[in-house]
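Counting starts at 1 for both ligands and their atoms, in listed order. Values below: all heavy atoms of this structure, side chains included; hydrogens, waters and symmetry mates excluded.
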Amino acid sequence: MTLDRFSGVNAGYVLELYEKYRQDPQSVDAATREVFDSWAPADAVIQAPPTPSVAAPGGAAPDLHVVVGAANLAESIRRFGHLAAQLDPLGSAQIGDSTLFPQAHGITDDQLRRLPASLVGGPPAEHSANAYEAIEKLRRVYCSTTGFDIAHLFVPAERAWMREAAESGRYLPAMDPLHAEALLDRLTQVEVFERFLQRTFTGKTRFSIEGLDMLLPILDEIMVGVAGTGTRHMMLGMAHRGRLNVLAHILEKPYAQILAEFKDPIAVQMLRLDLGFMGDVKYHAGGTTESRAGHMWVSMAPNPSHLEAVNPVVAGMARAAGTLADRSGAPMFDGAMTLPVLIHGDSAFPGQGIVAETLNLSRLDGYHTDGTIHIIANNQLGFTATPGESYSTSYASGLARGFKIPIIHVNADDPAACLEAARMAWEYRARFHKDFLIDLVGYRRHGHNEGDEPAFTQPVMYKHINSHPTVRELFAASLVKHGTVSQDVADGLVKKHFSVLEQTFAALKPEQDFVAPIPTPAAPGLAAKTQTGVPIELLRDLNESLLSTPDGFHVHKKLERLRDRKRLMLANTGERTVDWGGAEELAFASILAEGTPIRLTGEDVQRGTFSHRHAVLHDAETGVEHVPLQQLRQARGSFEIHNSPLTEAATIGFEFGYNMQEPAHLVIWEAQYGDFINGAQIILDQFVTSSRAKWGLKPSLVFLLPHGYEGQGPEHSSARPERFLQAAADINLRLVNCTTAAQYFHVLRRQAALLEKDPLPLIVLTPKSLLRHPAVSSTPQELTEGHFRSVLDDTDAVARAKNVRRLVLCSGKVYVDLIGHERRASATDVAICRVEQLYPFPNVALREVLDRYPSLAEVAWVQEEPSNMGAWEFMWPRLEELIGDRCGLRYIGRARNSSPSEGSSAWHQVNQKMLVELAFDLKADMLAPSVVWSKPMRSFATATAKK
Ligand SMILES: Cc1ncc(C[n+]2csc(CCOP(=O)(O)OP(=O)(O)O)c2C)c(N)n1
Ligand SMILES: [Mg+2]
């Protein structure tokens with residue numbers, strides 16, 4: 001037993017044990033006795049509470065166990081006082097903790113009175129006559145309407161700051177007449193807004209804030225506070241609850257616009273039939289405004305119903321807003337300019353995994369924002385679910401403890417305590433650059449929405465709520481009682497705010513006041529016209545820069561061989577020497593040279609999952625890193641590349657937010673295997689593919705998704721392109737499946753060129769084993785001229801075009817299997833054309849291809865994926881329309897299946913071989929095995945009958 005390592009509570013325990021031993025050595029076990037035989041507390045190795053030698057008011061020296069007990073009691077209150085705090089405005093019982101009372105420590109109030117206050121320490125001791133008084137003050141700090149849940153902080157300076165801030169009462173707001181009336185005015189405005197909507201649009205869903213009204217003054221306080229520290233942009237993310245109120249009063253969205261949205265007019269601006277249907281419900285809208293109050297910008301990210309999904313989006317926006325990227329090297333990040341604030345539901349915060357994913361980003365190099373302020377709008381219900389049904393932690397905020405985030409639980413009926421929490425939040429963030437959480441505990445005055453009957457499921461709670469005064473009423477009554485404001489003033493504020501809303505409503509012209517977010521239609525033809533070739537001299541220059549390393553840098557031997565090949569990569573412009581990785585690096589370098597910053601993230605992207613990238617070199621002897629794209633002489637924009645945590649939803653949400661905030665940066669996310677993007681399906685559906693139609697946003701995020709059937713089983717074969725094709729409409733994305741390094745080079749460069757002129761998300765299905773395959777490599781000349789081509793026709797079939805009877809259309813890796821097959825040479829009646837862009841459907845280019853083959857009997861769509869996956873079901877109606885009755889249309893590929901591929905590699909080989917052979921076999925109907933379906937389409941019969 002080494003006693004030297006004991007301090008604090010442990011010291012208390014040792015001293016207690018020692019005292020026991022001192023009174024009766026036989027009362028402790030033999031081992032302990034042995035230690036105490038040669039040790040005494042006077043060693044002073046224990047950083048224990050002061051010993052009784054400190055003069056006590058009672059005169060006589062108290063027992064050691066009383067001193068230790070008092071110190072432990074003080075520590076217990078500091079650690080666990082929140083368990084006895086009255087956090088619930090509805091007055092439910094606290095969790096409680098016996099160690100908050102003297103008895104648990106074997107002492108009495110009288111004994112405490114005989115101890116000095118200094119034993120308790122901290123600000124409460126300063127003006128206290130004895131330890132009892134100091135403990136009572138401590139209790140008022142930690143067990144009142146605020147629960148300081150901070151014992152889990154691992155950094156002593158943070159814990160000490162929080163304790164001092166709490167115990168000194170430094171952040172409690174002044175409640176002089178001026179401040180008090182301003183706060184009452186704000187609370188009145190918040191409440192009247194909801195009451196007016198309730199009266200005017202009875203039963204219409206608005207997700208009232210009532211019961212958590214203090215959320216608004218908390219946001220005011222944070223906004224004004226951070227504005228004073230130089231922050232210029234507050235970015236909010238929140239769900240439905242109270243959103244209209246926040247939009248109206250923090251974002252200053254005009255009442256007329258909100259009221260017009262309640263009227264739901266068919267506004268003139270919406271009559272854009274060419275754009276399809278658009279828009280979203282009113283409590284999902286976002287916005288940006290220059291706040292009059294705080295002299296800063298305030299943004300609210302638009303939000304889907306999917307709770308908490310907006311969290312990483314806001315974090316990404318904040319990161320982008322604080323990033324300086326207009327020069328070469330790594331970008332600079334300064335979090336002081338921007339404050340992200342996330343408002344969570346008490347049920348959603350513990351329930352939705354994306355919360356944990358986003359919290360996990362908060363301290364990572366590539367993702368941190370210098371701290372987010374979180375507020376749980378805790379109304380103690382999730383729709384109808386109780387806390388006991390919603391989380392296994394003691395509080396809704398439990399998850400935040402693991403991330404060492406300070407938590408303040410605060411009773412939403414105590415305005416001063418709420419404002420104190422707000423002040424501590426922004427001060428802590430400004431000081432420590434970390435997240436902070438306010439658990440605002442209130443209630444929900446109505447049902448989940450205003451048409452809902454809450455008493456069906458919470459009869460007792462709602463009996464209580466129905467007779468519970470509003471926070472405005474409580475606050476007004478207390479101010480009147482103390483003579484701070486008069487009842488007339490309080491009533492006058494209510495009238496004033498009603499009158500503003502009534503007048504606005506009377507003057508409302510819904511059709512005109514309604515402002516619709518109109519998506520910009522994609523620029524027709526611009527993509528096709530974008531030239532992306534780079535002169536060979538520039539490419540060689542860039543390549544040389546990329547290959548240089550700092551003096552004395554030791555490149556890994558195996559990589560040196562790769563770099564030797566790269567040195568010769570551009571020597572002969574006609575030779576196929578540029579592989580996928582080489583093309584990518586040159587594309588990035590040329591984009592940086594043109595002044596577009598690049599951010600690339602994803603799991604293990606620095607090296608590349610398939611070891612093809614090596615964007616970060618590690619000195620083979622010292623481990624020191626060298627990032628060639630950050631040392632590029634020619635660069636005029638920054639380059640950053642981060643290995644992401646093992647997360648898809650939050651990391652993609654983050655990049656989406658980053659992209660929204662800085663649309664001029666090329667933002668790329670790469671999947672380990674394409675399948676894993678499933679984990680971010682909410683972000684894809686709710687943000688990436690639909691935000692243009694819903695909210696008028698223009699995302700241009702790039703996804704690199706390894707895709708292709710190589711016998712690795714159902715989870716490493718398909719990026720599920722069908723998911724994007726299903727969501728593709730009104731030109732909302734580009735989906736490409738490049739088969740050459742040059743095509744990849746051009747599509748990246750095209751994306752960079754169109755970031756501002758014609759932004760669209762770009763999904764690139766990328767190769768795996770083909771990364772270094774000669775068939776995929778390109779000549780330097782292919783990089784120097786031209787542009788991305790949506791369709792690549794069969795150059796081999798030009799001379800025999802008249803004899804071609806079957807035009808095989810395919811996309812991606814299966815093309816390499818097809819041209820590599822032994823029958824390719826003899827199948828002179830088959831041409832193989834690659835559809836490199838699946839969406840937008842390359843109608844014009846495909847028509848030109850069809851026109852080149854006058855003797856076609858059929859077009860066959862050949863794919864590796866089962867017929868219900870891949871591109872077939874998307875292509876089918878479009879190809880039918882394109883072909884008309886000119887020839888037949890056939891599908892060759894795996895049969896409809898519930899799983900993307902075979903589990904066995906051997907079976908993969910069999911099926912793959914079969915489908916490739918069928919592509920060359922014009923009479924194969926009867927030979928098709930069950931796994932490969934090759935049945936002519938209806939139009940085939942019609943077309944052949946006509947011939
Ligand atoms: C991901 C997701 N699952 C389910 C829902 C349906 N839903 C809407 S609100 C709600 C309850 C939310 O409770 P809480 O987080 O406490 O927020 P509150 O409505 O109480 O403010 C549920 C289950 C949803 N919107 N999003
Ligand atoms: Mg709730």
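Between F207 and H448, the ring center distance clears the sub-6.0 Å criterion. Not less than 6.0 angstrom separates the ring centroid of F193 from the ring centroid of H497.
Around ligand 1, the residues contributing at least one heavy atom under 4.0 Å from the ligand are H240, R241, S305, H306, L307, G345, D346, S347, A348, Q352, N379, L381, G382, F383, H448.
If you take NE2 on H409 and CG on L87, they are separated by 7.0 Å, rounding to the nearest 0.5 Å. The distance from atom CG of L251 to atom CG of L236, rounded to the nearest 0.5 Å, is 6.5 Å.
Between D149 and R401 there is a salt bridge, with a side-chain nitrogen of the basic residue lying less than 4.0 Å from a carboxylate oxygen of the acidic one. The pair D220-R186 counts as a salt bridge, with a side-chain nitrogen and a carboxylate oxygen less than 4.0 angstrom apart.
For the side-chain hydrogen bond (donor to acceptor under 3.5 Å, both in side chains) test, no residue two or more places apart in sequence or in another chain qualifies with Y391.
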Compile the donor-acceptor pairs under 3.5 Å between side chains in residues 353-362 and protein atoms, sequence neighbours left out, one pair per line.
unit_1, atom_1, unit_2, atom_2, d
E357, OE1, A650, N, 2.8
T358, OG1, I354, O, 2.6
S362, OG, L359, O, 2.6

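Listing protein N, O or S atoms at distances below 2.8 Å from the Mg ion (ligand 2), with waters left out, gives D346 OD1, N379 OD1, L381 O.
Residue K204 places its NZ atom among more than 12 non-hydrogen atoms of other residues, nucleotides or ligands, all under 6.0 Å distant.
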